[in-house]
J.: 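I have a structure I would like to understand better, so I am pasting it below and will then ask my questions one at a time.
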Amino acid sequence: MQVDVLLGLQWGDEGKGKIVDVFCPKYDLIARFQGGPNAGHTLEFDNKKFVLNTIPSGIFNEGTLNLIGNGVVIDPIILKRELDNLKAAGFDPVGKGNLVIARKAHLILPTHQLLDAASESNMGAGKIGSTLKGIGPTYMDKTGRNGLRVGDTSLPDFMDRYEKLKQKHLSILSHYGEIPDFSEKEAAFMAAIEFLKTIPFVDSEHLVNQYLNEGKRVLAEGAQGTLLDVDFGSYPFVTSSNTTTAGACTGLGIAPNKIGQVYGIFKAYATRVGGGPFPTELENETGEKLRQLGHEFGATTGRARRTGWIDLPALKYAIMINGVTELIMMKADVLDTFDKIYVCTHYKYQGETIDYMPYEIITHKPEPILKEVEGWNTDLTGIRSKDELPSALNNYISFLEQELNVPIKYLSVGPDRTQTIVL
Ligand code: GDP
Ligand code: IMO
Ligand code: MG
């Protein structure tokens with residue numbers, strides 16, 4: 001058996017949570033492989049809505065085990081809150097035993113968040129627009145070999161290790177100015193660590209490979225999106241992990257030749273939250289219309305998402321980096337009332353026409369070259385079969401498939417689980 005991977009091809013918030021929830025009955029294990037509570041994955045079913053930050057989106061399917069992999073960074077306070085909320089809504093993954101955590105996953109400390117905030121406020125206009133969840137500083141400690149891991153919480157000297165790392169953080173923070181009081185947060189962190197220890201710790205590399213050897217089906221769930229990847233995104237306006245297929249290998253402990261299908265998710269248009277280049281951005285009424293119709297406000301921070309037209313050079317790049325085998329187009333319904341839709345096919349860049357993402361897009365902005373496409377002017381939200389799709393939408397899908405050279409296998413026409421069409 002091989003591990004299938006589902007990940008975002010744009011700047012995050014493509015609808016990964018919804019589709020993992022739709023797919024999970026076919027899988028025995030759903031495994032988050034990177035990122036942390038900077039993610040907000042929304043699921044809707046039976047008139048209920050849930051936003052998951054750390055917990056994999058297979059959690060509502062009883063027969064599926066959910067793994068928070070070694071590549072993830074965990075804020076125990078947020079994880080506890082997520083689980084408390086689920087319990088209040090009648091779901092109890094800890095009681096039911098369908099959630100496990102990798103021992104090798106790193107912990108986000110309260111001081112990591114202070115460092116994130118201090119670093120961002122020090123950057124002024126060039127700030128990244130971080131979610132301020134402490135993601136960057138935690139990954140810095142991981143690669144700097146100072147981090148605290150989930151498995152460390154069971155060691156007798158955990159408190160010494162915690163104090164040592166905290167002191168290091170306080171010494172850095174003192175260079176930024178006055179350090180805010182975080183005693184309440186620290187107490188909540190310690191309480192959440194005790195709670196964390198009630199969830200089984202596993203070695204994700206052994207668990208996932210054992211599942212494969214037993215012929216069980218595994219789906220790796222990405223967070224953020226390819227254009228936020230620390231190596232291949234619009235650096236430095238990125239997150240601090242590999243959001244791409246390669247990240248599933250290091251973030252779970254699976255060999256590259258164990259990767260099966262790679263599902264690439266994208267919106268029928270584009271959004272970005274936070275700073276950084278966005279070639280097709282619409283800072284006008286059309287952009288506002290997309291934001292309102294698409295409810296483009298962050299699931300984690302509530303910030304308004306920037307909006308724009310779909311960007312094919314960026315999507316082609318994402319497909320290449322990830323080895324995407326099947327595409328999933330989300331939020332087609334948001335375009336239902338647009339007479340004309342636009343697709344960026346090339347960029348005008350430093351006097352030339354190009355169809356790839358150039359290295360330097362921050363000081364030299366690529367200008368999008370747009371192709372006009374007929375809108376479908378049809379309410380898609382009630383459609384469940386591909387045979388009922390309007391011809392203008394079929395033309396849009398065929399055009400994208402031809403350009404991207406990968407089939408679009410699923411179409412999403414609303415936030416609910418049932419609003420998903422197999423093409
Ligand atoms: P994720 O981070 O990739 O899981 O995506 P988010 O949950 O942050 O953002 C996607 C948003 O779009 C959520 O509010 C979803 O409920 C919603 N959504 C998902 N698919 C569709 C769709 O096909 N149509 C509409 N209108 N909303 C959708
Ligand atoms: P999901 O999984 C959209 C963005 C932030 C910021 C940059 C760095 O829901 O798609 P960080 O907190 O990681 O240091 O922020 O990355 N960002 C996301 N944007 N969706 C996400 O996750 C994101 N996670 C981080 O807005 O620009
Ligand atoms: Mg999101």
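Order of appearance sets the numbers: ligands from 1, and atoms from 1 within every ligand.
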J.: Look at ligand 2 and say whether Lys16 reaches it with a heavy atom at a distance under 4.0 Å.
T.: yes

J.: Is the shortest N/O to N/O distance between Gly12 and ligand 1 below 3.5 Å?
T.: no

J.: Counting both backbone and side chain atoms, is some N or O of Ile135 under 3.5 Å from an N or O of ligand 2?
T.: no

J.: Specify side chain, backbone, both or neither for Lys18, according to which of its non-hydrogen atoms lie closer than 4.0 Å to ligand 1.
T.: side chain

J.: Among Arg303, Lys267, Arg272, find the residue that satisfies the salt bridge (charged side-chain N to carboxylate O under 4.0 Å, His left out) test when tested with Glu296.
T.: Lys267

J.: From atom 5 (C) of ligand 2, work out which of Gly129, Gly298, Ser234 has a heavy atom at the shortest distance.
T.: Gly129

J.: Just jot down the ligand 1 atoms closer than 4.0 angstrom to any heavy atom of Arg305, in number order.
T.: 8 (O), 9 (O)

J.: Examine distances only and state if a side-chain atom of Tyr139 and a backbone atom of Gly35 form a donor-acceptor pair shorter than 3.5 Å.
T.: yes

J.: Which atoms from ligand 2 have a heavy atom of Ala223 less than 4.0 Å away?
T.: 2 (O)

J.: Check contact between Gly8 and ligand 1, using heavy atoms of the residue and a distance below 4.0 angstrom.
T.: no

J.: Quick check on the Mg ion (ligand 3): does Gly298 put an N/O/S atom closer than 2.8 Å to it?
T.: no

J.: What is the nearest protein non-hydrogen atom to atom 7 (O) of ligand 1, stated with its residue, atom name and distance?
T.: Thr42 OG1, 2.5 Å

J.: Would you say ligand 2 has an N or O under 3.5 Å from any N or O of Thr131?
T.: yes

J.: Looking at Arg305, Arg306, Lys331, which hits salt bridge (charged side-chain N to carboxylate O under 4.0 Å, His left out) with Asp13?
T.: Arg305

J.: For Gly225, state whether at least one heavy atom is located under 4.0 Å from any atom of ligand 2.
T.: no

J.: Looking at Leu67 and Ala102, what are the two nearest heavy atoms and their distance?
T.: CD1-N, 4.1 Å

J.: Among all protein heavy atoms, pick out the one at the shortest distance from atom 26 (N) of ligand 1; state its residue, atom name and that distance to 0.1 Å.
T.: Asp333 OD2, 2.8 Å

J.: Taking Thr226 for the side chain and Gly8 for the main chain, is one N or O donor matched with an acceptor at less than 3.5 Å?
T.: yes

J.: Let me have the donor-acceptor pairs involving side chains of residues 400-413, under 3.5 Å, with sequence neighbours excluded, atom names and distances please.
T.:
residue	atom	partner	partner atom	Å
Glu401	OE2	Ile408	N	2.7
Ser412	OG	Lys18	NZ	2.9
Ser412	OG	Gly414	O	3.4

J.: Given Ser130, Gly274, Gly275, which has its nearest heavy atom closest to atom 14 (O) of ligand 2?
T.: Ser130

J.: How does Ile265 reach ligand 1, if at all, at less than 4.0 Å between non-hydrogen atoms: by side chain, backbone, both, or neither?
T.: neither

J.: Considering residues, nucleotides and ligands other than Met140, do more than 12 of their heavy atoms fall under 6.0 Å from its CE?
T.: no

J.: Relative to the heavy atoms of Glu44, which atoms of ligand 1 are at a distance of less than 4.0 Å?
T.: 16 (O)

J.: Could you check which of Val238, Asn38, Leu132, Asn53 puts a non-hydrogen atom nearest to atom 7 (C) of ligand 2?
T.: Val238

J.: Pull out every atom of ligand 2 sitting under 4.0 Å from any heavy atom of Arg303, numbered as shown with elements.
T.: 5 (C), 26 (O)

J.: Side chains of Gln34 and Ser241: donor-acceptor distance under 3.5 Å anywhere?
T.: yes

J.: Please confirm whether Asp13 comes within less than 3.5 Å of ligand 2 when only nitrogen or oxygen atoms on both sides are compared.
T.: yes

J.: More than 12 heavy atoms of other residues, nucleotides or ligands under 6.0 Å from CD of Glu285: yes or no?
T.: no

J.: Here's a test for you: under side chain to side chain donor-acceptor pair (under 3.5 Å), which of Thr243, Asn242, Thr244 qualifies with Asp231?
T.: Asn242

J.: For Pro366, which of Pro279, Pro313, Cys344 qualifies under side-chain contact (heavy atoms from CB on, under 4.5 Å)?
T.: Pro279

J.: For the backbone of Thr286 and the side chain of Glu288, can you confirm whether one donor and one acceptor N or O come within less than 3.5 Å of each other?
T.: no

J.: Count the heavy atoms of every other residue, nucleotide or ligand shown that sit under 6.0 Å from NZ of Lys87, and state whether that count exceeds 12.
T.: no

J.: List every atom of ligand 1 that sits less than 4.0 Å from any heavy atom of Gly17, numbering the atoms from 1 in the order shown and giving each element.
T.: 4 (O)

J.: Flag Val334 as yes when one of its N or O atoms lies below 3.5 Å from any N or O atom of ligand 1, and as no otherwise.
T.: no

J.: Out of Gly40, Pro415, Ala223, Ser412, indicate the one that has the non-hydrogen atom closest to atom 16 (O) of ligand 1.
T.: Pro415

J.: With atoms numbered from 1 as shown, which atoms in ligand 1 lie under 4.0 angstrom from a non-hydrogen atom of Met330?
T.: 20 (N)

J.: Which ligand 1 atoms does His41 reach within 4.0 Å, using its non-hydrogen atoms?
T.: 1 (P), 2 (O), 4 (O), 7 (O)

J.: What do you reckon, does Lys331 have a nitrogen or oxygen under 3.5 Å from a nitrogen or oxygen of ligand 1?
T.: yes

J.: Considering non-hydrogen atoms of the protein only, which is the closest contact for atom 18 (C) of ligand 2, and what is the distance?
T.: Leu228 CD1, 3.7 Å

J.: Do Arg417 and Asp46 meet the salt-bridge criterion of a basic N to acidic O distance under 4.0 Å?
T.: no

J.: So which heavy atom on Lys365 is nearest to which on Phe278, and how close?
T.: NZ-O, 4.5 Å

J.: With a 4.0 Å cut-off on heavy atoms, is Gly40 in contact with ligand 2?
T.: yes

J.: When you check the side-chain N and O atoms of His112 and Thr138, is any donor under 3.5 Å from an acceptor?
T.: yes

J.: Under 3.5 Å between some N or O of ligand 2 and some N or O of Lys133?
T.: no

J.: So, His41 versus Asp21: side-chain donor-acceptor pair below 3.5 Å or not?
T.: no

J.: Under 4.0 angstrom from ligand 2, any heavy atom of Arg272?
T.: no

J.: For atom 10 (C) of ligand 1, grab the closest protein heavy atom and report residue, atom and distance to one decimal in Å.
T.: Asp13 O, 3.7 Å

